[in-house]
Amino acid sequence: MVAAGRHGADGRAPIVVRLWDRVVATLRDRMRRVRAFGGLAVQAGLAAALAWFVAHELLHVSQPIFAPISAVSTLAASVGQRLRRTVELIIGVTVGVLIGDLLLVLIGTGWWQLVLIVVLAIVVALFLVGSAAVVVQAGATAVLIATLSPSIRDLEIPRFVDALVGGGLALLITTVLLPLNPLRVLNRAARPALDLLATQLDATAGALAERDADRARTARSELRQNKGQVQAFVEATQGAREASVLSPVHWRERHGPVSRYAQAAEPIDRAMRNSGTLIRRSVTLIEDGEPVPDALPGAVADLAEAVRLLKRQFAAAVEPNRAREQALRAVRTAGAAYREGVGFSGAVVVAQVRTTVSDLLVASGLTQAEANHLVRGMFGELEAPGVPRRA
């Protein structure tokens, strides 16, 4: 009766609790997003104001609307593609101006001329570059030239100036005045991906220990939601490289921790995919009632701890030696589980521990050959009781 009174006879109370938890989680995610990108808002505001001031007050452009727009557009590009965005703005403006001016001289103005000018500007932009940003800028500039040139003289030069001023000042702010810290960019992007991987490996270790197939299925489903985190990490590596190359403040970091961290994105992506296979086969192992040696959950738990250590040591910008040692401990434990005796799916789980450890070692800065050599040496004998010897 007490339980019924607390939770509601019709089960509505648990639903309310779940809804409340979801609301709290959503608010937490959105606050995290504001903290992560709040600096971008400050950079964008400063860039827009400076672009307008320089174009209007110093270069005497009468209506420098495009200067702040181009500055914000450059900053809105993915971190790591801002230099490219600036170049694309200029190329797009160039194509739009040239096509617009040429056709205005040849065919004059009107609605059908506007159609032809915009279509040709976009086709030429696609032929030359193919970037969506270039296409948009070429089309927009062609529209301005075709519609405003008859009434506004010398529109072309201000359009060029605006693109140069806006894009250039956006780069100046992000690289000199308010430079990004490349390590902070990488840490912020890598943390969700590595936390997700470690959490679901921990959950899988618990599922194996308790033979809980539902828990393993949940871990499998959760890990499948990793595309956004991995993509953010990949984009962050581009941003970190850009910041360390363009910003004088961070030039010294180009060949140190930033370079090593940036190169880790691909092997971490592979570790995610191989861990997905590990978890999927763990579900099958439990469902089929295969043997689960005590060492097998321990190997998966050791792997989760290796991921956490890698995250911490990357964040501290130190050589990830402890993470490597922990990863190899996972291999040794997996070898012990294999020799205790595993079934078909259990052997696949062991193999995926080895493969994922190899990925983590490469992410830590080792070559693939070095990683494979260490994994083989730590795993030990491949012959297991009742299992044919493997190559």
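Below, all heavy atoms of this structure are taken into account, side chains as well, without hydrogens, waters or symmetry copies.
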message = Tell me whether N321 at atom CG has more than 12 heavy atoms from other residues, nucleotides or ligands lying less than 6.0 Å away.
response = yes
Are any of the side-chain heavy atoms of [X] and [Y] separated by less than 4.5 Å?
X    : Y    : value
E325 : L328 : no
E210 : R215 : yes
R211 : V292 : yes

Determine the minimum heavy-atom distance between [X] and [Y], stating which atoms define it.
X    : Y    : answer
A205 : A301 : CB-N, 3.7 Å
I268 : A363 : CG1-CB, 3.9 Å
S364 : L361 : OG-O, 2.6 Å
A216 : I286 : CB-CD1, 4.3 Å
P291 : L285 : O-CD2, 4.3 Å
A337 : P293 : O-CG, 3.5 Å

State plainly whether one hydrophobic cluster holds both [X] and [Y], where clusters connect Ile, Leu, Val, Met, Phe, Trp and Tyr through side-chain heavy atoms under 4.5 angstrom apart.
X    : Y    : answer
V353 : V283 : no
I99  : L116 : yes
F127 : V136 : no

Distance col, row D195:CG vs K311:NZ, nearest 0.5 angstrom, shows 3.5 Å
Worksheet item: Taking atom CZ of R376 and atom OG of S358, what is their separation to the nearest 0.5 Å?
Response: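 So the gap between those two atoms works out to 8.5 Å.
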**Message:** Within the 3.5 Å criterion, strictly below it, is a donor on T356 or N274 matched to an acceptor on the partner's side chain?
**Reply:**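 Absent: no donor and acceptor within the cut-off.
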If we ignore angles and hydrogens, is there a donor and acceptor under 3.5 Å between the side chains of Q352 and S275?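 No, because no side-chain N or O of Q352 sits under 3.5 Å from a partner of the opposite role on S275.
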Could R332 and F379 be counted as a cation-pi pair, given that NZ or CZ must be under 6.0 Å from the ring centre and within 45° of the axis? no
request  = Sort out for me which residue in R329, R312, R322 forms a salt bridge (charged side-chain N to carboxylate O under 4.0 Å, His left out) with E305.
outcome  =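 Exactly one option meets the salt bridge (charged side-chain N to carboxylate O under 4.0 Å, His left out) with E305, and it is R312.
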I107 and W112: CA distance, side-chain angles, deciding distance, side chain to side chain contact (heavy atoms under 4.5 Å, CB included) verdict:
CA-CA 10 Å; I107 62 177; W112 69 268; 4.2 Å; yes
task: Evaluate the criterion side chain to side chain donor-acceptor pair (under 3.5 Å) for residue pair D302 and T333; output intermediate values, then yes/no.
output: CA-CA 8 Å; D302 285 342; T333 309; 3.1 Å; yes
Intermediate values then yes/no, side chain to side chain contact (heavy atoms under 4.5 Å, CB included), R308 and L194: CA-CA 7 Å; R308 278 190 289 269; L194 294 175; over 6 Å; no
Ionic contact status for E287 with R281, cut-off 4.0 Å: no
Any carboxylate oxygen within less than 4.0 angstrom of a Lys/Arg side-chain nitrogen, looking at D212 and R217?
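Salt bridge absent between D212 and R217.
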Practice problem: Decide yes or no on side chain to side chain contact (heavy atoms under 4.5 Å, CB included) for L278 and L303, but give the supporting numbers first. | Solution: CA-CA 11 Å; L278 183 158; L303 186 58; 4.1 Å; yes
Any donor-acceptor N/O pair, Q326 side chain to L309 backbone, under 3.5 Å: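 No; zero donor-acceptor contacts below 3.5 Å.
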Practice task
Please answer whether the main-chain N or O of R220 pairs with a side-chain N or O of Q200 as donor and acceptor at a distance below 3.5 Å.
Solution key: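 It does not hold such a pair.
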Quick one, T367 with V362, criterion side chain to side chain contact (heavy atoms under 4.5 Å, CB included). Give me CA distance, side-chain angles, the key distance, then yes/no.
CA-CA 6 Å; T367 66; V362 173; over 6 Å; no
